[in-house]
Number of protein chains: 2
Amino acid sequence: MQTAQSVLVHFPCANDCSGSVSRPEPTSTDVAQLAGVSQSAVSRAFTEGASISEAKRARVIEAAEQLGYRPNLIARSLITRRTGIIGLAVGDLSNPFYSQLIYKLSEKLQQRNFHLLLFTVPDRANSDDLLEDVINYRLDALVLTSTEVSSHLGARLQERGIPVVLINRTTEDTASSSVASDNEFGASEVARFLVKQGHRRLAYVAGIQNTSTNIERERGFLRALASVAGVTVQHISGDYDVHKSLSVARELFDGENAGPEAIFCANDMMALSLMDALRYNLNLRVPEDVSVVGYDNIEPAAFSAYQLTTYSQPIDEMVDAAVELIVERVSSPGSAPRQIRLRGELVVRASVGVRHPSSADTSAHPSSAASA
Amino acid sequence: MQTAQSVLVHFPCANDCSGSVSRPEPTSTDVAQLAGVSQSAVSRAFTEGASISEAKRARVIEAAEQLGYRPNLIARSLITRRTGIIGLAVGDLSNPFYSQLIYKLSEKLQQRNFHLLLFTVPDRANSDDLLEDVINYRLDALVLTSTEVSSHLGARLQERGIPVVLINRTTEDTASSSVASDNEFGASEVARFLVKQGHRRLAYVAGIQNTSTNIERERGFLRALASVAGVTVQHISGDYDVHKSLSVARELFDGENAGPEAIFCANDMMALSLMDALRYNLNLRVPEDVSVVGYDNIEPAAFSAYQLTTYSQPIDEMVDAAVELIVERVSSPGSAPRQIRLRGELVVRASVGVRHPSSADTSAHPSSAASA
DNA sequence: TTGTATGCGTTATCAC
DNA sequence: GTGATAACGCATACAA
């Protein structure tokens, strides 16, 4: 023990000898020499379930600790052809849904000895750089959460045998695994709930047009409403951009026609900022004057200032499923990709009010005085 | 071109041949063979500033594209002893300050061909696992943003020549580089501002006790107030935990003595949730009944529902500085660690009101009726 | 400039 | 169970 410490402390030139710091990285050969065994024995001592006697393993471990030896995973991966590193492409981290997702994903993967290599993909970025890096590092798999990654990237990686797992995103390409919530069903639940609460003039604030999340939520919402008599739906694009909420709010209540009684936003972030715009810029009350619903159930949705009604994504189950998909495809390269859908649930909070259709149409829409 | 495609498409067994998928990973030797050059020539063709003729390089590049060859960075790092991978230990990602920080850090590092390997460090976790992994992967450096990492970890890595960079965190250990805002100065600015606005009964909601951020902010706040006559400061611990805000609020306004006129929270997340508790549980108005100030200037602080006055962290400058520190220490191992302090600025919003000391003491504190 | 030979640190394949 | 030896894919010192 003491020996180990002194070995570690007494490395040459403790201060700033610029240029060449010759610190000794102990290798398995060094350990073998000290323990008086072969280098292969050292390797086996650090390999789970390898064929080695307990006595010898103990000797090796002790020598290793003395030298501060740790097996070099990089060198190991060169021959095992598995790095234990999984790429993660993320877009907007200002949405807590994604930051929570990657935190939990990383946590669960670490438990299974995998780690995430982060790739930030700016909106509209050329994803070719990402492709290159993923290949160059020989990553075990790539997880895509970004909405802005071209789908041909997935195809290219598939060709090279690198599994691709999509989270909160789907694609027609069946070569990629995916985990997503049942957006269409969730949105239809929102629609039914709003109708049941007596709302008739509805609005949908869309996310980025060509994303699977937006397409599915929009479809679920509109289809569920199509069969209900007397319901109108205003469609407006929000692009998952919280900074567009004010203009969205103004467009919804532009004074020409009566504003909506209830608004469904394609995600919570837009819903929260829309609530702010409605309340503090248009001087409308939520839910008395207008109801608001989101999707995701991010933490801020539960804040007292918002009390946002929303459809939750089962984030823990989604992460668990993703981990299974990853491990499955990495450990058995022949396994086929799978697409998984999980259902969340409607979380009813105070941002949705009740309408009485008989009297609501006139009293519901007060003077929508705009302000700065 | 067409040849390249057909090569890529025609790899054996396109479907699920379980078990052994024998896909051909082209190596530099393969490329060399096709291009009719030596393997080292291929290596040189992909090495910036290597000594090779343009003609030969062109031949190599073309052959490489035909085969879909990409240099294996893992194998390369075995020789260069640099992986281009930097460890990032993160704690609580539900705080947007950190999610924003790591996004920008990743972005900037990618521009310089570095990537971040994510390590989630659960609160109070044993950081030994982290230590092991960082060493095992031979990471170029480790960035610590988590508040919960023991400082002996830094020392251990330092011993092995792995640079450690702390962000939003400091330590006595001068072996680690660090970037942090001038917490003490910032907090003193908050104190001076509150006094100037006429507040006299103040309160400090502390973060986790032994963290450098909390220690410094607390010290700055209290020292600046120590010299001001007639000022009282109530101290209460919040542990950077948003779920404790309700009990914090109740303790501050427990009815025995007059509640504070202004509250400084050690970070924005606590300030926001405290505002909620004050408004919706204690039925107090902010800022009319009580003022609230935070620290960080996270995005939600600007939301209309909160309009939180706060002291900003210069996050872009902090990231830039961190990148410099990292690159500097990685590229020249002899360079000495540096500690950097950056100043933010007070961001005044509506969560702080003005008191008139002459009449404030009685009228300022209405019936603090508690509720559910 | 170019090719040959060697080594990076490890696991895998053999014989024993 | 154990030890030699050959890969893994690449960069580099050296000779040409």
Whole angstrom is fine here: how far is it from [atom1] in [X] over to [atom2] in [N]?
| X | N | atom1 | atom2 | value |
| --- | --- | --- | --- | --- |
| A:L78 | D:dA11 | CG | P | 12 Å |
| A:R82 | D:dG9 | CZ | P | 16 Å |
| B:R138 | C:dG9 | CZ | C1' | 9 Å |
| B:R70 | D:dC10 | CZ | P | 11 Å |
| A:F46 | C:dA12 | CZ | P | 16 Å |
| B:Q33 | D:dG9 | CD | P | 14 Å |
| A:D30 | C:dG9 | CG | C1' | 10 Å |
| A:I74 | D:dC10 | CD1 | P | 14 Å |

For this session: For the pair A:S28 and A:Q39, evaluate side chain to side chain donor-acceptor pair (under 3.5 Å) and give the outcome as yes or no after the intermediate values.
Result: CA-CA 6 Å; A:S28 58; A:Q39 183 267 335; 3.0 Å; yes

Problem set entry | A:Y69: which of A:D30, A:V42, A:L34, A:V60 passes side chain to side chain contact (heavy atoms under 4.5 Å, CB included) |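 Of all the options given, the one that passes is A:V42.
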
What does the list of N/O pairs under 3.5 Å between the protein and nucleotides 1-4 of chain D look like, with a distance for each?
from, atom 1, to, atom 2, distance (Å)
D:dG1, OP2, A:S51, OG, 2.1
D:dG1, O5', A:S51, OG, 3.4
D:dT2, OP1, A:S53, OG, 3.2
D:dT2, OP2, A:S53, N, 2.9
D:dT2, OP2, A:S53, OG, 3.2
D:dT2, O3', A:K56, NZ, 3.3
D:dG3, OP1, A:K56, NZ, 3.2
D:dG3, OP2, A:S38, OG, 3.2
D:dG3, OP2, A:K56, NZ, 3.4
D:dG3, N7, A:R44, NH2, 2.5
D:dA4, N7, A:S40, OG, 3.4
D:dA4, N6, A:S40, OG, 3.2

Under 4.0 Å between a side-chain nitrogen and a carboxylate oxygen: does that hold for [X] and [Y]?
| X | Y | value |
| --- | --- | --- |
| B:R81 | A:E25 | no |
| B:R112 | B:E324 | yes |
| A:E54 | A:R57 | yes |

Problem set entry | Touch class at under 4.0 angstrom, heavy-atom based, for B:Y69 against every strand present |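 Sugar-phosphate contact only.
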
For this session: Could you check whether B:T27 gets within reach of a base, just the sugar-phosphate, or nothing at all, counting any heavy atom under 4.0 Å?
Result: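 Sugar-phosphate contact only - B:T27 comes under 4.0 Å of backbone atoms but never of a base.
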
Exercise. Closer than 4.0 Å, any side-chain N/O of A:T80 to the OP1 or OP2 of C:dT11?
Worked result: no

Exercise. Under 4.0 Å between a side-chain N or O of B:R81 and OP1 or OP2 of C:dG9?
Worked result: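 Checking C:dG9 against B:R81, a side-chain N or O does come within under 4.0 Å of OP1 or OP2.
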
For this session: With the side chain counted from C-beta on, respond yes when B:D173 and B:V164 share a heavy-atom pair under 4.5 Å apart, and no when they do not.
Result: no

For this session: Kindly assign one of parallel, tilted or perpendicular to the pair A:H115 and B:Y137, based on the angle between their ring planes and the thresholds 30° and 60°.
Result: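 Answer is perpendicular, since the angle exceeds 60°.
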
